[in-house]
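Sequence lines set the chain letters: A, B, ... in the order given, protein chains first and strands last, and positions in each chain run from 1.
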Amino acid sequence: MSSAATDVAFACESVRKEFGSGPESRGVLELSLSVAAGEFLTIVGGSGVGKTTFLRVLGGLTPCTAGSVSHKGRPVAGPPDGVVMVFQDYGRSLLPWRTVEKNVALGLEGGDVATAERQRRIDDALGRVGLLDSRRQYPWQLSGGMQQRLQIARALAVEPDALLMDEPFGSLDAITKASLQDELLKLHAASQKTIVFVTHDVDEAIYLGDRVVVLAGRPAGISREFDVSLPRPREQLETRELSEFLELRHEVHLAMGHA
Amino acid sequence: MDAGDQSAAVAAQPGLLLRVARQAGRRTNFYGFATIAALVLLWQVVIATGVVDVEFMATPTEIAGAIGDLAASGELATNVVHTLSAVLIGWAIAVVAGVAIGTLVGLSATARDYSMATIDLLRALPTIALVPPAVLAFGFALKMEVAVIVCAAVWPVVINTAGGITQVPRELRDVARTFQLSPLRTAFGVVLPAALPTVIVGMRLAMSLALILAVVAEMIGNPAGLGYAMVFAQQAINPPEMFAYVVVIGLLGVLLNLALGAASRLLPPVAAAALAERERR
């Protein structure tokens, strides 16, 4: 690996998150973790374990109670530059009164991107997710898979270093899910962006990730970590039939407490 | 907004508006109109034949004749203009003030904590009771009617604006945060447009309240406009003319509501919400 690839994107040291305050407070998260730049890290855990909370802490949407979180060496206090979150509920995350194209433009309205450059980035992002022909449509006219593609395009348009994805394919059907997984892998291979991807789907976590972290317990901590050395590019059929894939699948399920 | 943004917005508009117009055409309910026509016919027959014994009454044809006479003399137009200006001025002030207060209350938990008790107290007051004090404060004048309308119509706007803002999905606020939009851009570009369909509900409630209060203020306060003309016709024992004003006030309410509904669908968030709702079915 080159030295650039081993740079640290996110570093969490003794991060603790509590909900409530005083004697009523309860710890929901307690962990240390670092994510390398360009890494595709997947986080699995049962529902309600604190995966989303952890992702929100990384994205600066929720402050942690104790410990430190940094992105590229700078402490995270609020959403860091170059980090964008993709939400699970695409229906509630897109602006229904804006066309596909104008939804993608949203992320560029905060910065000082010139008009021509803005249009280039919108076209580029829509092209990457295959939505150029739908640019004048409204989100509610699109299928669920296309809406989630749109949310990904909107994130890509700001050209972030890191994407934080919260169960983005959780509510899609199996076929749509598989094609979006492959598109995301292609995107990662082409751009080497850091991706932290939360899911409750063990197979998805192994199929996508360079490394799988299992969150469990209360407060949630890292119960186990697995390096995934499956060959890339990954293939929906071949990769999932490899004995290494099946062994990992077995181990991850055990780590999650599935007997 | 730069030129590129605007041209994209303009290019996107016709699609949405055209769809709204088509939906409106398809929505016309002919069976509903048939029921109304049948009821008017029934009224005509019952009164003209004298089946039902009432002291003073008018048939639909007599009422239509009275409306024609009032229109020809110019009396109707004068009264409509007076009442309509009170309604529109009062409603406009209520909307501006209500959206401003509602936005503040919706966005700030502190403002909510301090103001909700006062708002709940004030909006629970029976608004008709405001007319006598308003007459003392402002005299028999248009501004008395406007004051009464504003005091009553501002609350639905405040409540619906604040409620609409607090009900904006958390995801949308998070989206604004993850893209690091400024507070102003978040408020005007994300939160307020998302709350707009609910704000419009408040504006429509305010419009019907405004008409009711204008008429009441004219009946028991300011001797002018449709409300006063109606009471005057009643005291002159002129049922056709009295009913003519009842009908005109009713029609005015229907037209104001329709106009506001149509105007609100020109706003992309309202049009999108309405169409998205319909496509979901």
**Message:** Would the distance check show the side chain of B/Thr127 and the main-chain N or O of B/Ala152 forming a donor-acceptor pair, the cut-off being under 3.5 Å?
**Reply:**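 Absent.
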
**Asked** Under 3.5 Å, is there a donor-acceptor pair between the side chain of A/Lys177 and the main chain of A/Gly145?
**Response**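 Such a contact is absent between A/Lys177 side chain and A/Gly145 backbone.
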
Please state whether the side chain, the backbone, both or neither of [X] comes within less than 4.5 Å of a heavy atom of chain B.
{"X": "A/Val158", "value": "side chain"}
{"X": "A/Val86", "value": "neither"}
{"X": "A/Leu106", "value": "both"}
{"X": "A/Arg154", "value": "both"}
{"X": "A/Pro80", "value": "backbone"}

**Item:** Criterion side-chain contact (heavy atoms from CB on, under 4.5 Å) against A/Ile43, the qualifying member of A/Thr199, A/Val196, A/Leu58, A/Val49
**Value:**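 Testing A/Ile43 for a side-chain contact (heavy atoms from CB on, under 4.5 Å) against A/Thr199, A/Val196, A/Leu58, A/Val49 leaves exactly one candidate, A/Val196.
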
**side-chain contact (heavy atoms from CB on, under 4.5 Å) partner of A/Leu180, chosen from A/Val129, A/Leu172, A/Leu185** =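 In the set A/Val129, A/Leu172, A/Leu185, the residue that makes a side-chain contact (heavy atoms from CB on, under 4.5 Å) with A/Leu180 is A/Leu172.
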
**Request:** Using the six-membered ring wherever Trp is involved, compare the ring planes of A/Phe10 and A/His71 and label them parallel, tilted or perpendicular (cut-offs 30° and 60°).
**Result:**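 Answer is tilted, since the angle falls between 30° and 60°.
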
**Message:** Please identify, among A/Gln141, A/Met85, A/Arg92, the residue contributing the most non-hydrogen atom pairs under 4.5 Å to chain B.
**Reply:**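 Greatest number of close heavy-atom pairs with chain B: A/Arg92.
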
**Prompt:** What part of B/Val270 lies closer than 4.5 angstrom to a heavy atom of chain A: side chain, backbone, both or neither?
**Reply:**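 Contact with chain A is absent: no heavy atom of B/Val270 under 4.5 Å.
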
**Asked** So, are A/Glu159 and A/Arg120 salt-bridged, with charged N and O less than 4.0 Å apart?
**Response**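 So A/Glu159 pairs with A/Arg120 through a salt bridge.
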
